[in-house]
Amino acid sequence: MKGVALIWVMSSTAMAFTGLPADTVGVYHWGGRYSTSMSEGVERIAQLGDHVARVVLAPTYYRDYNIGTDCYPGYSLSGIAREADVKRALDNESITVLMLTAYDGVTFGDCQHARFVNPSFYTPDNTAAIVQEYSDFTLYLYQTYRHTEKRFIVSDWESDNAVYCDAAYAYATVPKFRSQCDANYFALYGNSSVAESIQGLKLWYQARQRGIADGRDRAAAEGIGGVRVYFAAEFSSVHALHDAGFQSVLYDVLPVVIVDYVSYSAYESINAANPAITLRADLNTIQGVVGSSAIIVGETGFSRSAWGAQAVPRIEAVIFAAKAWGVSYIIQWNLYDGDTQDDFGLFDVNGNQTAIGAYFQSKLNPVRGHPVFSQ
């Protein structure tokens, strides 16, 4: 933290925090119509005055950043980190915290089969290969950025959705969707049930954690001290699945894996009538289940077409609530709009700044004095 007082104002009550919001409030850069590269988007985040960014490292890199349509050949995490565009993004001197939605080549190298949720895939040889890939990647980050202040948080995408046909909330609340998901589950996953995918997810998290820990040990053996690479597991359901009697990542996976952070993609909370009150209550629930306050709001945002003039006030309410509660980081979705309906962006499909973008720039990069968040 930079030791500068930040004043957050809610109604008539002022609460002071130490540190700049740019050190804890970040922006997600994943796809979007205007995207042309990873590094261009990260530089645009930096130009807003931000020091935190979230990007995706996956064999779908060409598609994710509108570079091409092929699956990245010979993909590995260490390999993609050396790709010129990706390295420029990670090297950006203004960005000190990079949250990485990371997928390894061992379990997803063909861009099609999510083997990471298939428990039968975890033979001793395959598990060792996963551990090695994350170990090599971790060591690479330590070696490459040893003389910087950068920190990296290795995470994934909304693991509840990943095992519930990409829509965990719909699975819990819409019987027709649930029936369709169940009927096609083997064809989609190669598993007979969600329970098998949950077991596969546990094994994947355990292998990722072992790899990152091993990479840290290798870095220490080379005399590179400190903790630079962290492990986070992301989930998206606090109530819907659990309250309906279905397994969820929060209740059935996170208590049995070792992580540095848990990341909550918070739409289930923030789409409530009062997003601030609901988010605070749900953060308390999460802390109670996992036994830790090391929580990241890994994704939050509001569509302008859905929320209109309320989008920015709701964003501000969520940021205030999350900061007041004490989350480690908050990540805003998304840098660029996907289309005219998928319009969460700080910039639209033509690259023009939106009202959300103007809000973030004014708060992250004020001309004078301390930024003030107010409701």
Side-chain angles (χ1 to χ4, degrees), residues 24-26 28 52 54 97 99-103 116-117 119 134 138 151-164 168-169 171-172 194-195 197-213 216 227 229-272 275-300 318-319 321-331 333:
T24 53
V25 179
Y28 217 137
V52 181
R54 185 171 183 180
V97 177
M99 189 169 180
L100 308 175
T101 305
Y103 290 87
F116 51 87
V117 297
Y134 284 95
T138 298
R151 287 164 288 163
F152 299 90
I153 302 167
V154 179
S155 186
D156 59 330
W157 171 78
E158 299 182 352
S159 51
D160 291 297
N161 286 335
V163 299
Y164 281 102
Y169 188 83
Y171 188 95
V194 172
S197 295
I198 290 282
Q199 180 59 26
L201 193 66
K202 291 178 186 177
L203 296 171
W204 190 47
Y205 282 160
Q206 290 165 357
R208 283 158 70 97
Q209 186 276 329
R210 285 170 52 197
I212 291 170
R216 289 173 180 166
V227 181
V229 181
Y230 300 84
F231 174 44
E234 183 165 281
F235 65 100
S236 56
S237 180
V238 176
H239 297 289
L241 290 169
H242 183 71
D243 293 356
F246 301 113
Q247 286 186 297
S248 72
V249 174
L250 174 60
Y251 283 92
D252 299 289
V253 177
L254 295 182
V256 297
V257 298
I258 299 170
V259 297
D260 299 302
Y261 298 101
V262 296
S263 175
Y264 174 39
S265 183
Y267 297 105
E268 186 180 275
S269 302
I270 67 171
N271 285 332
I277 290 175
T278 305
L279 180 61
R280 284 195 295 266
D282 288 347
L283 289 169
N284 287 334
T285 298
I286 294 164
Q287 182 180 24
V289 174
V290 301
S292 172
S293 61
I295 301 171
I296 298 169
V297 175
E299 192 173 325
T300 179
V318 166
I319 290 175
K323 282 294 295 179
W325 189 91
V327 300
S328 301
Y329 300 100
I330 313 155
I331 307 296
W333 177 268

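Basis for what follows: all heavy atoms, side chains included, without hydrogens, waters or symmetry-related copies. When a residue number appears, it is its place in the shown sequence, counting from 1.
- Expressed to the nearest 0.5 Å, how far OG1 of Thr278 lies from CG of Leu283 amounts to 10.5 Å.
- Pairs passing the side-chain hydrogen bond (donor to acceptor under 3.5 Å, both in side chains) check and including a residue from residues 201-213, sequence neighbours excluded, read Asp104-Trp204, Tyr134-Arg208, Asp156-Tyr205, Ser159-Tyr205.
- Among Phe152, Phe235, Tyr230, the one residue that satisfies the ring pair (Phe, Tyr, Trp, His ring centres under 6.0 Å) test with Tyr261 is Tyr230.
- Closest approach of Ile270 and Pro275 over heavy atoms only: O-CB, 3.3 Å.
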Step-by-step side chain to side chain contact (heavy atoms under 4.5 Å, CB included) determination, Leu250 to His242: CA-CA 9 Å; Leu250 174 60; His242 183 71; over 6 Å; no
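- Closest heavy-atom contact between Ala168 and Leu241: O-CD2, 3.7 Å.
- For the residue pair Glu158 and Ser265, the shortest heavy atom distance occurs at OE2-OG, 2.5 Å.
- Side-chain contact between Leu254 and Val289 is absent, with no heavy-atom pair separated by less than 4.5 Å.
- With a 4.5 Å cut-off on side-chain heavy atoms, Tyr267 and Tyr169 do not count as touching.
- Thr138 and Gly211 get closest at one heavy-atom pair: OG1-O, 4.4 Å.
- Defined by atom type and a distance below 3.5 Å, a donor-acceptor pair is present between the side-chain atoms of Ser269 and Tyr264.
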Audit row: Val97, Arg151, side chain to side chain contact (heavy atoms under 4.5 Å, CB included) steps and yes/no: CA-CA 5 Å; Val97 177; Arg151 287 164 288 163; 3.4 Å; yes
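- Remark: Asn284 CG to Ser293 OG distance equals 11.0 Å, nearest 0.5 Å.
- Nearest approach of Ile296 to Ile153, heavy atoms of both residues: CD1-CD1, 4.0 Å.
- Residue pairs meeting the salt bridge (charged side-chain N to carboxylate O under 4.0 Å, His left out) criterion with at least one member in residues 255-272, sequence neighbours excluded, are Arg216-Asp260.
- Listed by chain and number, the residues in a salt bridge (charged side-chain N to carboxylate O under 4.0 Å, His left out) with Arg54 are Glu234 (sequence neighbours excluded).
- Formation of a donor-acceptor pair under 3.5 Å by the Asp160 side chain with backbone atoms of Ser237 is found in this model.
- Here the straight-line distance linking atom CD1 of Ile198 with atom OH of Tyr164 works out to 5.5 Å at 0.5 Å rounding.
- The closest donor-acceptor contact from the side chain of Tyr103 to the backbone of Trp157 lies under 3.5 Å.
- Taking all atoms of both residues into account, the shortest heavy-atom contact from Ala244 to Ala172 is CB-O, 4.1 Å.
- Thr24 places a side-chain heavy atom less than 4.5 Å from the side chain of Lys323.
- Residues Ser292 and Val262 form no side-chain contact, since every pair of their non-hydrogen atoms from C-beta on lies 4.5 Å or further apart.
- Ile295 is listed as a side-chain neighbour of Trp325, based on a closest heavy-atom distance under 4.5 Å.
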